[in-house]
Amino acid sequence: MIRLNVPLVPDKNVLNNLFEKNICTVNDFLQKKTSNLQSVCNLQCKEITKLKDTMTVKCSSPLINGYTLYLSKTLSTFIQTGILKLDNLLNGGLFVGNIYELCGPSACGKTQLCISILLNIIITTKKDIVYIDTRNKFSVKRIKQVLKNKNMTNSEINDILKKIHVYSVIDIHNLITCLHGLKEKLDPIIIIDSLPALYLSFIGFYKNDGLCYINHISSVLKYLCNKNATILVTNLAVKNCDFTNDFKPAIGKYWFHIPNTRLMITTIINQQQQMCINIPKSVYIPLDNKCILSINDYGVSSNL
Amino acid sequence: MNRPIWTLPLSKHTINKLDKLGYKCCEDLLDSLDDPEKKSKFLRKHMESESEIRDMLKTPKYKTAADLDIERDSIATFCKSIDELLNGGIQVGRITELSGAPGSGKSQLSMQLCVSVQIPVCFEGLQGEAIYVDTNSNFSELRLTEMIDAFLGHVSKVLSGPNDFKGAANSELLKSLTTAGMLSKIHRVQMNDLNQLHALYTTLERHPNVKLIVVDSFVMPLYQVENSLRKNTLVHSALDLLQTIAVEHDLAVLLTNDLTTAVTESGTEVFPALGESFGHRVQYRLLLSKIPNRPNEYTALLKKSVEHGRSAARFTISSDGVRDLPIEQPLQ
């Protein structure tokens with residue numbers, strides 16, 4: 001919903017007149033009859049129609065054909081995670097402009113995977129990465145441990161640490177403010193760990209406000225993706241209520257549709273230091289392939 | 001893309017009022033705050049304070065990981081193997097969960113931590129106070145007295161030794177280290193509803209030096225709640241609250257949890273109560289259990305931690321409190 005402003009409407013007097021009649025947004029304007037608007041704006045019928053036309057064009061999404069889109073995808077639209085098996089599973093790496101979800105039960109290695117991907121991206125591309133931490137869980141200690149095991153010097157480690165921008169967020173309003181603040185950033189890589197931590201306390205109220213917020217967060221995330229952001233969200237997997245003991249993603253059915261690719265993580269029984277990843281949802285990756293990764297002092301890696 | 005007004009933490013009433021005025025998004029709000037003519041009119045009529053709104057709309061500043069690279073304080077137990085497991089003890093600013101069957105040493109370890117949080121600064125302790133939220137009547141001042149006496153005995157032994165501690169010989173400090181003095185720094189609150197945790201805010205104002213909050217047990221007040229959705233709300237709002245307090249006041253939170261049985265196709269499985277979503281929100285998870293057939297021997301298994309892999313520690317509970325296993329005893 002775009003609010004009327006001066007470039008959209010010819011001048012300030014007209015704008016004030018419209019506001020007085022409670023016509024505030026483009027939507028309001030387009031829905032009003034031309035004849036009514038004529039008297040409010042003191043404009044002629046022809047001008048009003050022209051105004052409506054330009055508004056419709058300006059405020060709607062442009063058409064781009066598939067070929068142009070294809071050409072615009074270059075190699076730089078791939079971000080390799082640096083974990084060989086995972087890159088293979090993902091057909092090359094993370095696609096710019098996609099939302100990825102890492103979903104798994106608690107203590108299965110979601111945060112570990114995030115940290116490893118984050119470090120690998122920084123090491124290969126030298127880009128800044130935004131890390132939104134919702135549980136006060138971000139551990140510099142662990143990062144240093146991983147980097148030290150990769151034989152990095154202290155100054156190298158320090159350079160890498162400076163490239164991680166950590167936002168510590170403890171409620172959902174802060175997360176929204178934070179995401180809106182990222183609109184200006186150029187091609188950001190955003191890691192949100194974790195989304196359900198902010199949402200879970202909303203479940204159970206008669207009016208589920210949390211759903212509205214999640215709805216808004218998803219539209220902001222989609223907007224950021226249109227601006228070439230790459231987003232990695234972690235989500236919790238909870239047990240199904242039936243007796244199958246299968247896991248399903250938390251945050252409700254609505255969120256099911258939001259990520260472009262969902263990576264489901266499961267722990268392997270009796271192999272605590274390993275995780276199994278498969279893909280239950282994606283548009284461009286064949287589904288139900290699997291890979292097994294191990295967690296150790298070097299972070300998450302392909303070698304078992 | 002603009003941010004709608006309803007995403008701000010304002011009251012429903014204010015949001016409706018703004019909506020009627022045609023303010024649909026925050027950017028409009030900022031525009032009219034920046035315009036001096038509109039601002040005065042706008043604020044007089046509809047807003048409590050300008051700075052509040054500006055604060056809400058301010059983009060949060062990030063910190064680089066290098067800025068966050070500071071050593072966190074931790075509360076050591078008196079058991080070296082548990083401290084090693086947790087890298088020096090339970091960490092401030094974070095939530096640690098202890099789960100285990102009845103009699104596995106959860107309350108003992110909690111009470112031990114209430115004592116060790118008081119270790120004076122000169123012994124590299126936090127010299128803090130503790131709040132013990134007692135939901136199960138597990139708090140035992142008699143047991144605590146025993147632990148404190150053991151601690152004081154240890155202190156006087158160390159002080160009479162050859163090691164010189166900075167200012168430790170200070171008689172002032174020793175005078176304050178009495179059983180009564182230490183016991184009075186452990187504040188017990190009895191609760192039977194997790195909503196009462198909100199009272200912690202005022203308690204903390206009165207006792208700003210608190211470094212540890214123990215909720216023993218976290219599940220007890222939830223057994224009486226029948227509606228599982230309601231239970232969920234209670235659990236997560238309590239966790240929201242505890243996490244906020246932990247960060248704001250820089251203190252450690254310790255929760256104890258029971259075990260529960262799940263029926264699966266392959267039989268039954270025992271795991272901590274309250275499900276995955278609870279486990280998701282605590283930063284450290286320790287599973288305590290008694291070793292069968294061995295008197296007074298217990299294990300602590302680290303089930304969840306960002307910093308360390310899965311490992312286990314053994315400990316014993318003596319009359320002094322939670323301690324390492326005696327060395328002569330061969331570990332099998």
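All heavy atoms count here, side chains included; hydrogens, waters and symmetry mates do not. In what follows, chains carry the letters A, B, and so on, assigned in the order in which the sequence lines appear, proteins first and then strands, with residues in each chain numbered from 1.
Residues of residues 59-75 of chain B having a heavy atom under 4.5 Å from any heavy atom of chain A, listed by number: B:T59, B:P60, B:K61, B:Y62, B:K63, B:T64, B:A65, B:A66, B:L68, B:D69, B:E71, B:R72. Contact annotation for residues 240-253 of chain B against chain A (heavy-atom separation below 4.5 Å, listed by residue number): B:D240, B:Q243, B:T244, B:V247.
Two residues are said to be in side-chain contact when any heavy atoms from C-beta on lie closer than 4.5 Å; A:H180 and B:C26 fail this criterion. Between B:V306 and A:K137 there is a side-chain heavy-atom pair separated by less than 4.5 Å.
By the neighbour-count criterion of 12 heavy atoms within 6.0 Å, atom CD of B:Q224 is densely surrounded, having more than that number from other residues, nucleotides or ligands.
For B:I95, no part sits under 4.5 Å from any heavy atom of chain A, backbone or side chain. Looking at B:S305, only its backbone comes within 4.5 Å of chain A, counting heavy atoms on both sides. With a 4.5 Å cut-off on non-hydrogen atoms, A:I203 touches chain B through its backbone and its side chain both.
Atom NE2 of B:H280 sits about 7.5 Å away from atom CG of A:N235, to the nearest 0.5 Å.
In terms of heavy-atom pairs under 4.5 angstrom with chain B, the leader among A:K110, A:H165, A:R142 is A:H165.
Among residues two or more places apart in sequence or in another chain, the salt bridge (charged side-chain N to carboxylate O under 4.0 Å, His left out) test is passed with A:K126 by none. Residues passing the side chain to side chain contact (heavy atoms under 4.5 Å, CB included) test with B:A76, sequence neighbours excluded: B:D83.
Closest approach of B:R310 and A:Q273 over heavy atoms only: N-NE2, 3.4 Å.
When atom types are taken as modelled, the side chain of B:N232 and the backbone of A:L200 share a donor-acceptor pair closer than 3.5 angstrom. Proximity of a side-chain donor or acceptor of A:R135 to a complementary backbone N or O of B:Q283 within less than 3.5 Å is not detected.
A donor atom on one side chain and an acceptor atom on the other are found under 3.5 Å apart for B:R3 and A:T177.
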